[in-house]
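Shown next, in structure tokens, is the structure this report addresses.
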2 protein chains.
Amino acid sequence: MMSSSQNATAALAYAPIHVMADSLRAGTWSASQLVDCYLQRIGCHDEKLHAFAEIYEKEARIAGELADRAIRAGQRLGPLHGIPIAFKDLLDIEGRPTRGGSLFWRERVSPVTATVVQRLSAAGMITLGKTHMVEFAFGAWGTNATMGTPWNPWDPQTPRAPGGSSSGSGVAVAAGLAPAAIGSDTGGSVRIPAALCGIVGLKTTVGRVSNHGALMLSATLDTLGPMTRDVEDAALLFAAMHGPDRNDPQTLAHPPVDALADLKSGVAGLRLAVLSEAELGEIDPEVARAFVLALEVMRGLGARVETLSLPLSYRRLADLTGKIIAAEGYALHREWIDRDDAPFDVHVRDRIRWGKTLSAADYIGLMTERERLQREVAWALRDLDALLLPTTPLPAVALAEIDQGKSPMSLLTRPVNLLGLCALALPCGFTAGGLPISLQIVGSGYEEARILRIGWAFENATDWHNRRPPVP
Amino acid sequence: MMSSSQNATAALAYAPIHVMADSLRAGTWSASQLVDCYLQRIGCHDEKLHAFAEIYEKEARIAGELADRAIRAGQRLGPLHGIPIAFKDLLDIEGRPTRGGSLFWRERVSPVTATVVQRLSAAGMITLGKTHMVEFAFGAWGTNATMGTPWNPWDPQTPRAPGGSSSGSGVAVAAGLAPAAIGSDTGGSVRIPAALCGIVGLKTTVGRVSNHGALMLSATLDTLGPMTRDVEDAALLFAAMHGPDRNDPQTLAHPPVDALADLKSGVAGLRLAVLSEAELGEIDPEVARAFVLALEVMRGLGARVETLSLPLSYRRLADLTGKIIAAEGYALHREWIDRDDAPFDVHVRDRIRWGKTLSAADYIGLMTERERLQREVAWALRDLDALLLPTTPLPAVALAEIDQGKSPMSLLTRPVNLLGLCALALPCGFTAGGLPISLQIVGSGYEEARILRIGWAFENATDWHNRRPPVP
């Protein structure tokens with residue numbers, strides 16, 4: 001049994017950011033209390049959960065005190081001021097290590113501070129630490145053979161896949177060790193851990209959020225996005241993170257948007273689409289059932305749910321995506337990935353080495369096919385507000401049962417990256433065994449505000465996001 | 001000796017478009033006369049010059065009559081109405097052959113009409129025919145072992161390189177067989193034949209002119225541009241050709257510009273740069289001398305000519321460009337280029353096959369390096385109006401002396417493609433042996449109007465563009 005003080009701490013730890021922000025403003029909580037709360041919980045539980053690669057205890061406490069002083073002086077910067085956050089260990093913070101989940105980079109020191117870290121810090125957020133991840137961000141299960149695999153908090157007994165590659169970010173937020181974390185998503189790496197850990201994850205469109213200062217895997221597909229307790233928090237972080245940055249030319253064509261203005265406007269009259277069942281491939285029956293119920297919720301809220309027939313094979317799209325990631329990952333890592341004496345996770349190493357087998361012509365063919373598909377799908381989605389899919393075809397699988405050679409987990413997320421879209425993953429149910437199930441709301445490129453609005457309406461009508469995992 | 005009627009025909013044939021347009025408007029010449037004049041000259045001289053792959057005599061005559069009828073009825077469409085033009089044989093005209101310089105495609109029928117053909121036809125231009133080219137547009141000398149090499153009209157005795165790949169377009173305009181032609185430029189294919197044939201050639205920026213309906217060599221680098229008698233004509237054609245086209249997504253981000261408004265505003269006070277001599281590589285002494293004199297002309301017109309030190313090797317840039325073209329060319333042609341029974345020009349075949357040796361990682365590395373170089377050079381050019389270079393390091397070389405394995409001709413043009421810039425080639429002198437020398441005015445991306453303005457000022461102060469070749 002928990003003590004009442006532990007219960008109070010847990011209540012604080014699981015509060016969404018927008019609630020914390022109200023309490024900070026009202027003075028009922030302080031930033032130092034928040035920092036203390038999370039550092040205490042990390043101290044108690046992270047040995048088992050293994051979400052954090054690095055904890056900045058001293059700096060976080062000082063930042064908490066400074067934030068409180070600013071609040072007392074009336075200098076509150078906005079809704080993120082004084083709120084703790086964790087960063088995936090592929091985001092640079094100048095002078096500190098960034099290892100990208102790899103023992104090979106254990107001595108690497110960040111040469112710059114990533115733009116997202118700068119922006120969230122400028123908005124007053126307090127960095128708790130860096131979270132574990134799949135080596136080089138290439139893996140959907142969330143395992144890491146050399147740095148350790150975070151523990152999915154929804155099963156206290158059996159170690160289960162946390163989802164990857166932003167595994168530690170997912171576990172930290174799900175287990176109340178941080179109210180939010182930033183992940184990266186190249187083929188599902190924000191959405192899959194969000195799905196398997198029962199939290200919210202936003203995969204942004206390429207060019208929407210600066211990648212400056214993030215270790216890359218695929219220049220074509222890499223994106224950064226928030227992982228949070230609820231949709232409003234994702235919108236708050238997205239609002240602070242996104243927008244043009246001189247250090248990332250891809251962002252320059254995409255002026256900022258107001259992601260909060262219409263957040264709570266509901267979905268009445270919006271046109272949502274689902275794909276005909278056959279095209280979804282093999283979906284776990286409990287996931288399929290939760291998905292159908294989610295559609296009912298959307299209909300109940302006044303949305304129009306239509307069936308869209310897209311002549312695309314998910315398996316083909318996921319395969320194309322995997323090839324692009326492997327080719328670009330190999331191009332980035334070729335100088336060391338071929339070394340047999342380096343301490344790589346062999347599963348990741350083999351995925352990247354496979355990129356070596358592709359020729360320039362193969363790669364150009366893949367990119368040409370991608371452009372064609374992007375145009376076709378952009379056209380098919382032109383009059384729709386979003387496409388609904390499950391996020392993963394399965395709930396969290398036991399580590400003992402996973403096949404490292406092939407992960408089904410990214411089957412429904414990779415196409416979103418390939419096609420230049422954005423997507424929001426959010427809880428939409430639980431299995432009989434208590435594992436989270438996730439709904440994926442897919443939008444056209446740069447329609448983050450719209451999918452957040454749809455997600456908020458769904459969340460506001462359901463209670464799935466309020467459930468807490470049994471661990472810790 | 002020419003007869004006086006031949007002389008009159010030649011005067012007509014060598015008139016620039018803007019002069020013809022005035023005469024058409026005034027009624028002193030008719031479109032039918034223009035069509036007759038060029039068809040007659042083609043009939044007389046193209047057996048030797050071999051500029052045309054196909055001549056649309058009947059259609060051109062009908063179009064001439066229709067144009068005259070419209071003019072008589074007061075329906076003149078603009079300055080291009082009733083003016084003949086030739087198209088490089090890689091531009092589709094629906095239902096007609098487009099062979100891309102290849103015997104392999106001799107049966108190919110165009111499925112669409114290229115956007116530039118549509119636009120120039122809509123402006124009233126009359127298609128005389130299609131011009132010869134280097135097979136698959138991959139070669140700077142201008143030779144074609146299977147379809148025949150056009151004759152450079154500046155030397156009646158010795159067959160010399162016309163420059164490629166838009167060889168027939170260069171020869172047709174230089175020899176007064178057409179007042180203008182459209183070429184494509186992937187590494188210099190508009191500018192090199194313009195230089196070696198003593199005419200004006202505009203290499204546009206990628207995305208400025210729609211590539212829809214053009215046979216591709218390199219999706220990254222291919223551009224279309226006008227080849228004309230003078231700069232004003234190039235500006236007139238550019239004005240009619242460029243601008244967004246739904247069928248080429250690359251154009252959609254680049255709204256039209258007014259290329260004529262400031263054309264005659266001069267260069268007083270403009271900042272032009274030259275690179276320090278060492279970086280230009282091996283330049284023929286007569287070319288170097290003409291270049292220095294061209295700088296004097298610019299200074300005399302009030303331009304500021306500065307020395308810019310760019311830490312770039314032209315050879316390295318040209319090499320990167322060649323690799324990208326080979327990789328993308330191989331990706332496009334892989335289905336047939338490996339067949340030993342197909343009737344390819346072996347030099348072109350070998351250049352393209354070489355692209356097969358590049359891996360996906362090599363190609364991705366090239367593209368990454370290109371992006372870095374583009375950013376560096378864009379920064380170096382930010383306060384400059386243009387960079388001046390020779391177009392080719394040598395004048396037209398005798399065919400007997402050329403090395404098919406390596407062409408120096410694209411050394412100073414390829415970097416412009418690689419770096420995402422635009423450039424204008426125009427006559428700036430002649431060798432003692434009477435071969436044309438060309439000045440290259442290089443602008444930042446999408447600054448076509450500015451380089452046309454600079455070119456117009458130079459041309460207006462010199463007389464090189466008025467000289468006619470001895471053949472025919």
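A, B, ... follow the sequence lines: proteins, then strands. Residue 1 opens every chain. Quick caveat: nothing in here was measured; it's all calculated off a predicted structure.
- When each of B:Thr220, B:Asp362, B:Leu332, B:Thr357 is checked for heavy-atom pairs under 4.5 Å with chain A, B:Asp362 comes out on top.
- The number of heavy-atom neighbours closer than 6.0 Å to CZ of A:Arg372, taken from other residues, nucleotides and ligands shown, is above 12.
- For the set A:Leu358, A:Leu366, A:Ile364, the count of heavy-atom pairs under 4.5 angstrom toward chain B peaks at A:Ile364.
- Between chain B and the options A:Ala361, A:Gly365, A:Ala331, heavy-atom pairs under 4.5 Å are most frequent for A:Ala361.
- For the atom pair CE of B:Met367 and CD of A:Glu328, the computed distance is 10.5 Å after rounding to the nearest 0.5 Å.
- The two residues A:Pro249 and B:Arg375 come nearest to each other via the heavy atoms CG-NH1, 3.7 Å.
- Smallest separation of non-hydrogen atoms from B:Arg334 and A:Ser359: NH2-OG, 4.4 Å.
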